[in-house]
2 protein chains.
Amino acid sequence: MPTMTDVAKRAGVALSTVSYALNGTRPISDETRQRIFDAIEELGYKPHALARGLASKRSRIIALLFPNSERGLGFTEFEFVTSAANAAKENQYSLVLWSYDMHDLPELLQLTQQGLVDGVVVMEVHQHDKRIAMLREMGFPFSMIGRSDDADGMGYVDIDFHQTMQDAIDHLAGLGHHTIAFVNQSESAFSAGYGPVVRSQVAFERITQERGLDGITQFCRTAPNAGYNAFNALIEAHPDLTAIISLNERAVPGILQAVAERGWSVPDDFSLVVVVSAAGMAEMIIPPLTALEPLTNDMGRRGVELLIHQLEGRAEADPQALIPCRLVVRSSTGPSPLIPARQRVTVSR
Amino acid sequence: MPTMTDVAKRAGVALSTVSYALNGTRPISDETRQRIFDAIEELGYKPHALARGLASKRSRIIALLFPNSERGLGFTEFEFVTSAANAAKENQYSLVLWSYDMHDLPELLQLTQQGLVDGVVVMEVHQHDKRIAMLREMGFPFSMIGRSDDADGMGYVDIDFHQTMQDAIDHLAGLGHHTIAFVNQSESAFSAGYGPVVRSQVAFERITQERGLDGITQFCRTAPNAGYNAFNALIEAHPDLTAIISLNERAVPGILQAVAERGWSVPDDFSLVVVVSAAGMAEMIIPPLTALEPLTNDMGRRGVELLIHQLEGRAEADPQALIPCRLVVRSSTGPSPLIPARQRVTVSR
DNA sequence: CTGTTAGCGCGTTCAT
DNA sequence: ATGAACGCGCTAACAG
């Protein structure tokens with residue numbers, strides 16, 4: 001591997017001149033620049049990333065903090081990752097996937113202190129997030145996918161859960177549904193203050209109330225059989241229920257199964273809309289699901305761009321972005337079934 | 001940030017002694033070692049990753065080559081990524097996600113020459129893979145998830161497609177199915193020599209022939225509507241068809257839909273088994289799919305371990321691993337329907 | 001506009 | 001068993 005010294009010799013200039021030519025850090029005459037680039041070309045020279053990082057104190061590496069929770073990342077989160085990787089590369093940064101236990105603060109501390117990365121993008125942010133508190137206290141550059149409660153002035157991209165929930169509810173209400181359940185994720189995620197779970201919950205309660213609808217909440221583990229049980233519990237307690245909004249991708253198959261076992265069909269007898277679920281997911285189901293799909297590409301991308309702008313001192317007019325979800329009507333939602341048509345089935349339980 | 005010099009001063013030893021103590025590169029008296037570690041503790045010293053990498057010529061960073069193909073990565077591939085990330089971290093390596101255009105050789109060349117990573121794990125390997133040829137020619141350390149045709153002596157983890165296909169076929173044959181179709185991925189992937197597509201295809205043809213079964217091949221784009229069309233084409237040309245094996249996750253919803261539209265039900269009238277599809281996927285479908293599930297965790301993990309062992313000169317007894325898939329019987333396969341029961345439906349087309 | 005030089009933080013050879 | 005000193009490849013003052 002040729003080094004910068006080799007290039008300098010070949011071009012007949014000083015080492016530093018090569019450096020300046022490469023980084024554009026100071027003006028170089030066209031003629032010498034040409035000689036330098038010729039030499040680089042001929043030698044096949046490539047700057048050494050580590051050496052550059054050591055000297056400049058900027059590695060051009062960022063980390064995506066990636067919790068290896070048992071819950072497991074879903075399809076949607078995966079798309080954050082790939083879009084983040086793409087965005088990093090487009091900005092000439094490398095993206096390291098830092099898989100770690102969310103509660104292991106010491107490990108995060110180490111990451112920030114070993115000088116490997118210039119900043120971090122934090123995923124799965126909670127309302128009171130110790131990691132955020134720590135990073136901020138240290139003054140270590142970061143951005144969030146999601147947001148904590150004390151996120152004022154800090155850079156984040158998050159989904160606009162209120163708007164999303166409103167769109168979902170209005171879609172159903174527009175179809176005549178009046179009693180609507182929200183199948184959230186687990187109650188423990190709620191207690192832990194996991195952003196999407198809490199914000200959606202709050203929005204659901206508020207909006208159903210504003211609209212004068214009958215809104216029912218059901219927490220549910222993120223697994224098909226949990227969805228199955230959730231539906232049965234709901235329908236038993238609320239025979240008028242005609243529609244579900246689910247923030248819980250993994251529960252959906254169970255819900256559908258329970259619906260089918262009752263002899264009902266979707267969307268004729270029951271409607272289901274998933275919120276904050278990637279398109280790839282909604283299309284895997286039969287019937288294809290009506291969904292509120294986040295622009296996942298924007299999420300990962302914006303997250304790293306926010307961080308990079310911050311690292312490069314480029315002021316960001318508005319470092320906070322709430323991304324809307326797009327309503328895609330597929331085949332899992334329809335008009336509310338009429339009450340009479342329903343009762344015969346309900347009793348057959 | 002304290003440096004090694006600070007530690008040395010505080011412990012009253014030479015800089016190099018600290019280095020030796022840290023790396024265990026040479027014997028240190030218990031007493032001075034203790035002093036050194038005390039100093040490290042008190043100062044909160046953390047070795048600087050870049051400096052260490054520069055000096056040692058080993059960055060302890062590896063890259064996962066991650067094609068950003070239009071086709072999009074599926075659930076299954078995603079699990080490779082997360083398991084690779086976990087394995088890297090357990091071995092004290094950082095994993096950078098290198099998203100790039102598979103055909104952009106210059107970019108790969110650059111990655112290997114900029115001194116950032118010690119080696120790469122290549123995903124989505126093709127039979128004649130220019131990337132592999134290049135890496136090998138350069139002598140750059142790498143391992144593969146998948147394998148090329150000339151993989152002799154090189155490290156890889158791949159799925160045992162032959163065994164997997166055999167298990168799938170035998171499962172169906174055991175249920176009395178005789179005419180079985182294989183819904184592969186796109187023909188262009190086949191022509192391009194994409195490993196899973198080619199190897200599964202070969203295995204399918206060979207095994208059905210050995211078993212005296214009627215094996216039909218159907219290429220199919222990786223999208224639901226393509227699956228829909230594929231099924232209709234198949235059933236029209238082969239009215240005896242009673243079962244499908246699919247390597248094509250994304251096509252499954254379309255297939256199921258087409259089956260349903262024919263008034264058939266799964267698994268009573270038709271059986272479907274997916275191969276090489278992560279459990280998370282098979283459970284998202286209704287009915288839950290009988291599947292041959294790869295131990296995805298092992299795939300990503302073994303890929304990075306192979307690479308790391310190679311980097312650290314630890315001889316690997318057998319640097320090649322064929323991972324089997326596990327047959328999980330769910331609700332999409334059943335006994336072959338009897339011919340008579342069938343015909344009335346077939347004509348109603 | 002260009003050259004000289006001192007680090008960046010750590011690994012490692014050579015002495016002792 | 002320990003120290004001193006050099007070098008990894010590059011950036012960024014400082015000096016013309």
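Order of the sequence lines fixes the chain letters, A, B, ..., with proteins taken first and strands second; residue numbering starts at 1 for each chain. As the structure is a prediction and not an experimental result, all values here were calculated from the model.
- Nucleic acid contact for Ile28(A): sugar-phosphate only, since backbone atoms but no base atoms lie under 4.0 Å from a heavy atom of the residue.
- Atom CG in Leu15(A) sits roughly 13 Å away from atom C1' in dC8(D) (whole-Å rounding).
- Within the structure, a side-chain polar atom (N or O) of Ser19(B) is placed less than 4.0 Å from OP1 or OP2 of dG11(C).
- The nearest pair of heavy atoms linking Gly153(A) to Pro319(A) is O-CG, 4.3 Å.
- With DNA chain D read from its 5' end, the first of the two nearest nucleotides for Arg26(B) and Leu54(B) is the one closest to Arg26(B).
- We find that CE of Met1(A) is positioned 13 Å from C1' of dG9(D), with the value rounded to whole Å.
- Applying the 4.0 Å criterion to OP1 and OP2 of dC10(C), one finds that Thr3(B) has a side-chain N or O inside that range.
- For Ser56(A) against dA12(D), a side-chain-to-base donor-acceptor contact under 3.5 Å is absent.
- One can place CG of Asp30(A) at 9 Å from P of dC1(C), the figure rounded to the nearest angstrom.
- Ser29(B) comes within 4.0 angstrom of the backbone, heavy atoms only, and of no base.
- A donor-acceptor contact under 3.5 angstrom links the side chains of Asn86(A) and Ser99(B), judged on distance only.
- OP1 or OP2 of dG11(C) has at least one side-chain nitrogen or oxygen of Arg52(B) nearer than 4.0 Å.
- Relative to the side chain of Thr25(A), the nucleotides dA12(D), dG9(C), dG3(C) differ in distance, and dA12(D) lies closest.
- Inspection of the Arg131(B) and Tyr100(B) side chains reveals an N or O donor paired with an N or O acceptor under 3.5 Å.
- Residue Val18(B) is out of contact with every strand shown, counting any heavy-atom pair closer than 4.0 Å.
- Spacing between atom CG of Leu50(B) and atom C1' of dG7(D) amounts to 17 Å, rounded to whole angstrom units.
- Residue Tyr20(A) places no side-chain atom within donor-acceptor reach of the base of dT4(C), judged by atom type and a 3.5 Å distance cut-off alone.
- To the nearest angstrom, C1' of dG3(D) lies 14 Å from CZ of Arg35(B).
- Tested against Phe142(A) for a side chain to side chain contact (heavy atoms under 4.5 Å, CB included), the candidates Thr112(A), Val120(A), Val121(A) yield a single pass: Val120(A).
- Residue contacts for Thr5(B): at a heavy-atom cut-off of 4.0 Å it reaches no nucleic acid atom on any strand shown.
- In plain terms, the two heavy atoms of Leu65(B) and Pro67(B) that are nearest each other are O-CD, 3.7 Å.
- Residue Leu116(A) contributes atom CG, which lies 14 Å from atom P of dC10(C) at whole-angstrom precision.
- Looking at Lys9(B), Arg10(B), Arg35(B) one by one, the single match for salt bridge (Lys or Arg N to Asp or Glu O under 4.0 Å) with Glu42(B) turns out to be Arg10(B).
- Evaluation of atom-type donor-acceptor distances gives no pair under 3.5 Å for the side chain of Thr17(A) against the base of dT2(C).
- His48(A) places its NE2 atom 13 Å from the C1' atom of dG9(C), with the value rounded to the nearest Å.
- Considering only the side chain of Tyr45(A), dC10(D) comes nearest among dC10(D), dG9(C), dA13(D).
- One finds no side-chain N or O of Lys57(A) lying less than 4.0 angstrom from the OP1 or OP2 phosphate oxygen of dC10(D).
- Atom C1' of nucleotide dA5(D) and atom CE of Met4(B) are separated by 13 Å, given to the nearest angstrom.
- With dG9(D), dA1(D), dG3(D) as the choices, the nucleotide that has an atom nearest any side-chain atom of Ala55(A) turns out to be dG9(D).
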